[in-house]
Every structure is written in C-alpha cells, then in structure tokens.
Amino acid sequence: MLILGIESSCDETSVALVEDGRKVLSVETLSQIEIHKVYGGVVPEIASRKHLETVAGLTQRAIESAGITKEQIDAIACTNRPGLIGALLTGFSFAKGAAYSLGVPLVAVNHIQGHIAAAYPAFPELKPPFTALSVSGGNTFFIRVKDYTDMEVLGSTRDDAAGEAFDKVARVMGIPYPGGSTIDRLARQGRERLGIAECMKRFPLPRPSFEDAPYDTSFSGLKTAFINAIHHAEQTGEEVDKEVLSASFTEAVADIIVSRFVYAAEHEDSDTFVVGGGVAANTRLREKLAAAAEKYHKKLFIPPLSVCGDNAAMIASQGYYDLLAGKIAPLDENAFANLEY
Ligand code: KG4
C-alpha cells in the first residue's frame, strides 16, 4: 500500500511516499529555519504562509522522485495534531483536497505517534509492544506503545519541552534558533576539554523529579538556573565558559530523561525501547540511553539523525498503521493545536 505523507505542524514542510509503512520511496522536506532565525523562534503566521507556498511543489517532487504516478497513491496521511494551528491547517487542508481529488482515504496522524513511527522504516524488525520516548521542540512524552495504534501516555513535561529548553538557553547565549545542535557541539567540546565531572562542578544545575508522577519532567527550572548562571557571570564581570555551561546543561537534560528511562526499564514489561524526536539527535543523550539500555538488557532503537526531526516519512508510516486499523478521517475533520488521544 502506497501512502503519501504530509507534515506541516511547525517549521518543516515535508512530503513523502512510503510503501507498507516501512519502505521510504521519497521524502522532500523544506526547512523554514533560515526564515525564522532572525526572529529567534518560529513565527506561526509566517510558517503557515510558507507551508502554503511550498506544499504543492514538494508533493510534485516527492511523486517524481519516487518514480510513481499520483494514481498509484492508496491514501493520504497528514499530521493534524498537535502543532501550530495555522501551520497544521495548511497541510491538512491540502491533504483533504488531494484525498478528495484522488478519491482515496484521508488519515489524520498524531505527530507524536509519527515521531515514534520514524523508527519503523529504520528498523524492519521493530514491532510493538514497546516503550517509547518522544523528545522534540514541542513535546516530551513517555508512551506505552501497546500496538501500532493503541498507546498510553505514561508522562510528559509539565512546562517546557526538552528541545524548547535547549532553544531558549541557546538564545540567551546569542546562539541562533534552533540552538539544540549547537549546544550539543559546545557541550562535546566542554566535556572533552575538562571532563563532565568538572563541568558539572563549575555549573551545578538541578534535576527535578515528581514523586507522584515518575514519568513527568520539568525543564523550566533548569532553564532558569542556566540563565541565572549567565546573569551572575555578567554581573561579576566574568566571562561565561559557554562550552562548560553547555556541557553541564546537556548533562542535566540527559540525566532527567535517562532517569525516567531507567524507571521504565525497572517497571515496564517491555524489553524494547524506541526514542524519537529532534532531541533524540543529541550526542550525550544517545550515549547515556545506550549505556542504560545495556545495563538493563533492553533493546534500544533510535533512528538515524536524519529522521529524528520532523519529516513526512514518519507520518506516512504511522498513517499506514492507522489506515490498517480503519482510522479514516472524514473530509470535515479538524486540526488541533493540542494533543488529543
Ligand atoms: O522534532 P523536531 O524537528 O521538531 C518538533 O517536533 O519540535 O525537534 C526540533 C528540536 C529543536 O528544539 C532543536 O533544538 C532540537 O530538536 N535538537 C536538538 C539537537 N538537534 C535538534 N537538541 C539537542 N541536541 C541536538 N543535537
């Protein structure tokens, strides 16, 4: 079954063709990062307009590079939640038009489930049940994946998402949006130069947890502690060692996430873990998750860096399983800024 996937929930317009949920024939993605960079973050109205300008051309290109004709498409799968509402509506309205004109089913895909599905094309042997972690610029979720379309949220962030925290502290250091990958690089340099123990000693940062909700996370206190460290240095005329501060911050984010992973390893039945979302590209987080998985004898699947961020192949993959489960959206289906399971 050939699914055309469309993703437009934030600042990437992406269109992909995926066969049977696992074989990616083409992915055409246009990132808007350069446009939003000057504003220090995504401007929703500009994002919507850019999606509108580019989605048709990307669809044409995705069809051409897959070497198929549009008549071969069996269904259209498109993100309709959660995300920036205008951005979602642009892609989803286009998807409705495409489904109607081709006379094929429309599938409304949950973006978070899409991030989890990014692992399906990368790992053909991967099958639910497993425990998943989706860490991106907008969300931080621990999810019990009972089946391809049957999932239960174990916990999520109570304030900032992990990627959002990376982007916000980067901004304070004058690093352009989105700052996660730059902080990752600075942190690597800090660790190599001084060792992580010394970085943490120079900039001690908190790792909050919640006794009543072991999977919930919070990153805003950590972000504030980081910003306070910068302000303190400015007031005392010291120069901030960005590499060391980034290393300490990255370690704290990784520790917060890995401690939940360890809790899941100890309490969940599954022996398999899947990690997705833009922050899954983080070097230190990947290292620490791999070490924890080895210690607890768990299988860990983290897709390649190229598919950790937003892309339409993951939406087409999840859309395939949604379609198999009979989840066909009516043409008057809406888009939702917040998550609705
Ligand atoms: O999944 P994604 O492309 O978009 C959302 O659905 O949010 O994730 C983007 C987020 C941004 O916050 C970005 O700073 C972060 O992922 N990110 C990273 C790294 N690469 C991207 N954060 C930490 N380390 C990285 N290497």
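For ligands, and for the atoms within them, numbers begin at 1 and follow the listed sequence. Predicted model, so just to flag it, every value in this text is computed and none were measured.
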Q: Side-chain contact test, heavy atoms from C-beta onward, threshold under 4.5 Å: evaluate it for F249 versus V244 and give yes or no.
A: no
Q. Is there a nitrogen or oxygen of G278 sitting under 3.5 Å from a nitrogen or oxygen of ligand 1?
A. yes
**Q.** Note: E251-K288 ion pair, threshold 4.0 Å (strictly below)
**A.** yes
(Q) Below the 3.5 angstrom mark, is there an N/O of G137, backbone or side chain, next to an N/O of ligand 1? (A) yes
Q. Is it true that R185 lies under 4.0 Å from ligand 1, counting heavy atoms only?
A. no
**Q.** N282, any N or O under 3.5 Å of ligand 1 N or O
**A.** yes
Q: State plainly whether the residues R171 and D167 are in salt-bridge range, i.e. N to O under 4.0 Å.
A: no
Q: Heavy-atom contacts with H115 under 4.0 Å: which atoms of ligand 1 show up? List them by number with element.
A: 1 (O), 6 (O)
(Q) Regarding R49 and E53, does a basic nitrogen lie under 4.0 Å from an acidic carboxylate oxygen? (A) no
**Q.** Any N/O pair G163/ligand 1 closer than 3.5 Å
**A.** yes
Q.
Can you tell me which portion of D184 lies within the under-4.0 Å heavy-atom range of ligand 1? Options are side chain, backbone, both, or neither.
A. side chain
Q | Greater than 12 external heavy atoms within 6.0 Å of E211's CD | A | no
